[in-house]
Each structure stands twice: as structure tokens, then as C-alpha cells.
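Predicted, not measured: the structure shown is a model, and the values here were computed from it. What's counted below: heavy atoms across the whole structure, side chains too, no hydrogens, waters or symmetry copies. Order of the sequence lines fixes the chain letters, A, B, ..., with proteins taken first and strands second; residue numbering starts at 1 for each chain.
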There are 2 protein chains.
Amino acid sequence: MDKKILTQRQEEVFEFIRKRSEETRLPPTVREIGEAFNISSTNGVRSILGALIKKGHIKRSPRLSRGIELIEVAPKPSLGEQLGVEIPILGRIAAGQPILAVQNLEGTVTVDRDFLARQTNVFALRVKGDSMVQAGILDGDLVFARQQNSAEDGQIIAALVDDEATVKYYKPKDSSVELHSANPIYAPIIVTPDRHFSIAGRIIGVMRKVN
Amino acid sequence: MDKKILTQRQEEVFEFIRKRSEETRLPPTVREIGEAFNISSTNGVRSILGALIKKGHIKRSPRLSRGIELIEVAPKPSLGEQLGVEIPILGRIAAGQPILAVQNLEGTVTVDRDFLARQTNVFALRVKGDSMVQAGILDGDLVFARQQNSAEDGQIIAALVDDEATVKYYKPKDSSVELHSANPIYAPIIVTPDRHFSIAGRIIGVMRKVN
DNA sequence: GAATATACTGCACGAATGGTTACTTGTCAA
DNA sequence: TTGACAAGTAACCATTCGTGCAGTATATTC
């Protein structure tokens, strides 16, 4: 007998236990399994459970009610140690108000925790226009930015210029700031001190859906 | 009586239930709570549980063993309805063996469920080279592909040519298949029928970490 | 001072649950 | 054809578990 191959019935019952454990957060009792499959005797269920134990798919704590535990090859992370992090997507960014204000929220994306290198204060923006195509950032892409109000020369940033949010290369000059596109057909934006300017964050990632 | 403020004892018991529910995945029975707090009578526990119910912190299913359910202000998504989906990252792809074979796995990424439009059989690949920069796919990017063995003219696919995996534009011809780069300095790969060729999947997304 | 809430003890009932024994039926491989 | 395995039925026992009732002690509130 192959240790891993389950019969049809065993597969069904295993699936049932898995669903119950995940959805209702309560593993079923022996009788509840019986009811679900129209097995009138507890022993009918027990024979299947016995096989699942022998084949190493479940574990049981004797005499403990609902003491069926799944043995999964790739154990799902408990709620405390999620693999994904929820990042807020900002619709419009307006100067003078906190970036992450609720009224700006457009939704959230879940991204891999490692993808963001466990950084905090990250938000996402939908890119409009093709000014950064040469940097691999296309129209409609979702960019991830870490909130910070300063940046280094040459970094890609999300900036606020006169209440307008843009994603550009940051080029600080002596008396002004230049925001360069990656696309040469666009002239750099030169931000003179009389204009409203602030750095919203530094771009740390890009995500795109391809049709 | 404030509906929300718990007494010390109630707080302790609530914490115990929460820990048990999350860690062992099994809410405790009335008697198990009693044992944990040295309460010899089940009614002692019941009076505390009653208070927790009245104050809206837990819910109970009558006569159901372990039928204590936490009522949380921000309910965590149950495992069944995660916001993120784990996608396997494939190291090398070899022809003649199932794509998703375990030995190919390099790890997993968690991505938003909506990002992939709830599609199944999705895998991820690390892009090598700059042949697709004009399509916004850079060296080192992670591309997501949906497993399929056919594609339409002009789509970006992950293809296997002579045991080598590449990401290219798909251009089927009468007697051969052409794989075009987005970068004009690379000549198209012309796949004649004598070569091993298969489509691994169609590219549906891109993800990049920016430094 | 009475009413109310909290936090118990102690006991007992019945339903829910796990376990066992005995027996049956069908399939499949040696 | 025999034997192992799977998947049951049926009846029954023992334990676990939720619940109900009676009662106590303390603190808080009106």
C-alpha cells in the first residue's frame, strides 16, 4: 500500500475535514463527518480516519473532542506570521494633509513581506502616463513607495508638486530641484523654491498586470 | 455597566480563549478553561463566559462542544479567504517533466488575489537578461505566468526551447514559431520543427524590487 | 439597605462524543 | 482461493461536555 495515495473516499473525507477546519475554525467530530457523508455508524468514519492516520495525513488526540489535526506538507502560516502584507493604494495625493489619510485610500494590495524587505510605512500608487517607460514603469503600473521626505540623487521618488503627484527621478540642485523623466521626450520639471514641493516617498517596487 | 470594559478575570479568560483558538486551532471547552484557572466548577467558568457574551466579546453555539467563537472588531480573514495567494517561484524549467515539479521550486511569493484575477495554475519566474526591457520587463524582474500550452499571436509567453526557458513575444508562423524580443538589438529566435519547443505559460504579471 | 454584578463551589442530568466489539460486503493482488 | 484492505451497519459503553439548579461571598451602585 502506498503511504501517500488516498482512495476516493479518503480524499473526500480529508477535504471535508480541511474545509471545516479552515472555514468554521472547528475540526468536525466523528459524528459530524458521518452525517456529512451519510455514514450511520461512527465506526464507518473511524475506519476512514484510521486509514488517514496510517497514511500520515491527519493526527488525532485520543478522547479529545474535535481532536483531529491536519498534517500538511506546507503548513500554512498562522495568522500571526502572515506571508503577505496589506499595502494601501492611494488615489490622489494632496499636499497639506497626511498621505495615508483615509479619504485618499482607494483600496489595498497584498504583497509578499519579503518583497518589501519588511519595510514599514509603504504605500502604493497607480502610475499615469508613460514618462518612466525607460525605467520599466509603464502606464497603469502599481508602484510601491516607502514614506520619506528626503531622497538621494538619482533615486526614483513619488513627489508632490503643486498638489500634483508624480513619479520621477530625483535630481537635487543648488537652488532648485529637478525631476527627470526616464523618457527623453519629456523635459525635466524644474522645481523653483516658489512652488509647493515635497517628497512623498521613495519608489521601492513595481507591480504590473499584463493583458 | 460599560458594555466594553472587561474585569481583570474576564480579560484573562478572553486572552486564554484567544490564544488557544489561534495556537492550537481548537477553542477550549468549559472545563479546560476551568482547569487552566483552577476553577473547580463549570459554573464558575460559565458566569465569566456569560459576562463575555453580554459584553459582546464572544459568541457561543449552544450544546456544541468547543463552540466558543471570538468576536473581533477587525476580523482576520479566515484561511479560506486570504487576500494573498502563494505562487511558486520556479528556478530552472526543464522540458519533459512537470513544470511545477518540486525539484524546480525555488520558493514562493505571496501576491494579491485580485492581482492575478483569481486565476489558477500560476507560477513565477525570475527574468534573466534585458531582451524585454522595451516591454517593461527588466533583468531580475519576477514575472507571473499562467500555465497553458498554447498562446495567441503577440502575447508574451514563457517558452521552453531546447531545455532553455525564455520570456518572449509569441509569433507563430506557418512552419515555425518565432520568438521576438522587445529589445531590437536581439534578433528573433526562429524555432524550427526539429527543435524542442513548448509553451510553458502566458505572462500575466510583473513584479520588481527597486533599489 | 436592597439590588445587581462578579466570581465562584458543588452536584446532577442529559446530550454529545470517542471508542470497542462483532459482523458484512466488495475489491484486488498473491 | 485465500487474505488483506476498504468501507460499512448495528449496538453498546465510557467519557467528555454543556447546561441547570441551589447556594455563598464580595464588591459596587442606587
Novice: Whole angstroms only, please: what is the CD-C1' distance between A/Glu11 and D/dA6?
Specialist: 15 Å
Novice: Could you state the atom-to-atom distance from CZ of B/Phe37 to P of C/dC8 in whole Å?
Specialist: 9 Å
Novice: Separation of B/Glu32 atom CD from D/dT15 atom P, in whole Å?
Specialist: 17 Å
Novice: Test side chain to side chain contact (heavy atoms under 4.5 Å, CB included) on A/Arg202 and A/Gln147; report intermediate values, then the result.
Specialist: CA-CA 7 Å; A/Arg202 181 190 155 200; A/Gln147 255 192 89; over 6 Å; no
Novice: Is the shortest distance from a Lys or Arg side-chain nitrogen in B/Lys171 or B/Asp153 to a carboxylate oxygen in the other one below 4.0 Å?
Specialist: yes
Novice: In whole angstrom, what separates A/Ile33's CD1 from C/dT17's P?
Specialist: 11 Å
Novice: Ignoring hydrogens and angles, state whether a donor on the side chain of B/Asp130 or B/Tyr186 is under 3.5 Å from an acceptor on the partner side chain.
Specialist: yes
Novice: Looking only at side-chain N and O atoms, does A/Arg66 offer a donor or acceptor that is under 3.5 Å from a partner on B/Ser65?
Specialist: yes
Novice: Look at A/Gln8 and D/dA6 and indicate whether a side-chain polar atom (N or O) is within less than 4.0 Å of OP1 or OP2.
Specialist: no
Novice: Once you round it to whole Å, what is the distance between P of C/dA5 and CG of B/Leu49?
Specialist: 17 Å
Novice: Does the distance from a Lys or Arg side-chain N to an Asp or Glu carboxylate O, for A/Arg31 and A/Glu35, drop under 4.0 Å?
Specialist: no
Novice: Along nucleotides 18-25 of chain C, 5' to 3', which nucleotides get a B, which get an S, and which get a -, given that the test is a protein heavy-atom distance under 4.0 Å?
Specialist: BBBBB---
Novice: Quick one: is A/Ser47 getting a side-chain N or O under 4.0 Å of the D/dA6 phosphate, OP1 or OP2?
Specialist: no
Novice: Reading DNA chain D from 5' onward, which residue's closest nucleotide shows up sooner: A/Ala51 or A/Asn38?
Specialist: A/Ala51
Novice: Determine: side-chain N/O of B/Lys54 to OP1/OP2 of C/dT4, distance under 4.0 Å, yes or no.
Specialist: no
Novice: Give the rounded distance in Å between these two atoms: CD1 of B/Ile58 and P of D/dG18.
Specialist: 12 Å
Novice: Compare side-chain N and O positions of A/Thr7 against OP1 and OP2 of D/dC5 and report whether any pair is under 4.0 Å apart.
Specialist: no
Novice: Taking all non-hydrogen atoms of both residues into account, name the closest pair between B/Pro193 and B/Ser175 and its distance.
Specialist: CG-O, 3.3 Å
Novice: As a test of reading the structure: which of D/dA6, D/dA10, C/dA7 is closest to the side chain of A/Ser40, going by heavy atoms?
Specialist: D/dA10
Novice: To the nearest Å, how far apart are A/Lys55 NZ and D/dA7 C1'?
Specialist: 12 Å
Novice: Would you kindly give the CD-to-P distance between B/Glu35 and D/dC17, to the nearest whole Å?
Specialist: 8 Å
Novice: Relative to the ring of A/Phe37, is the ring of A/Phe16 parallel (under 30°), tilted (30 to 60°) or perpendicular (over 60°)?
Specialist: perpendicular
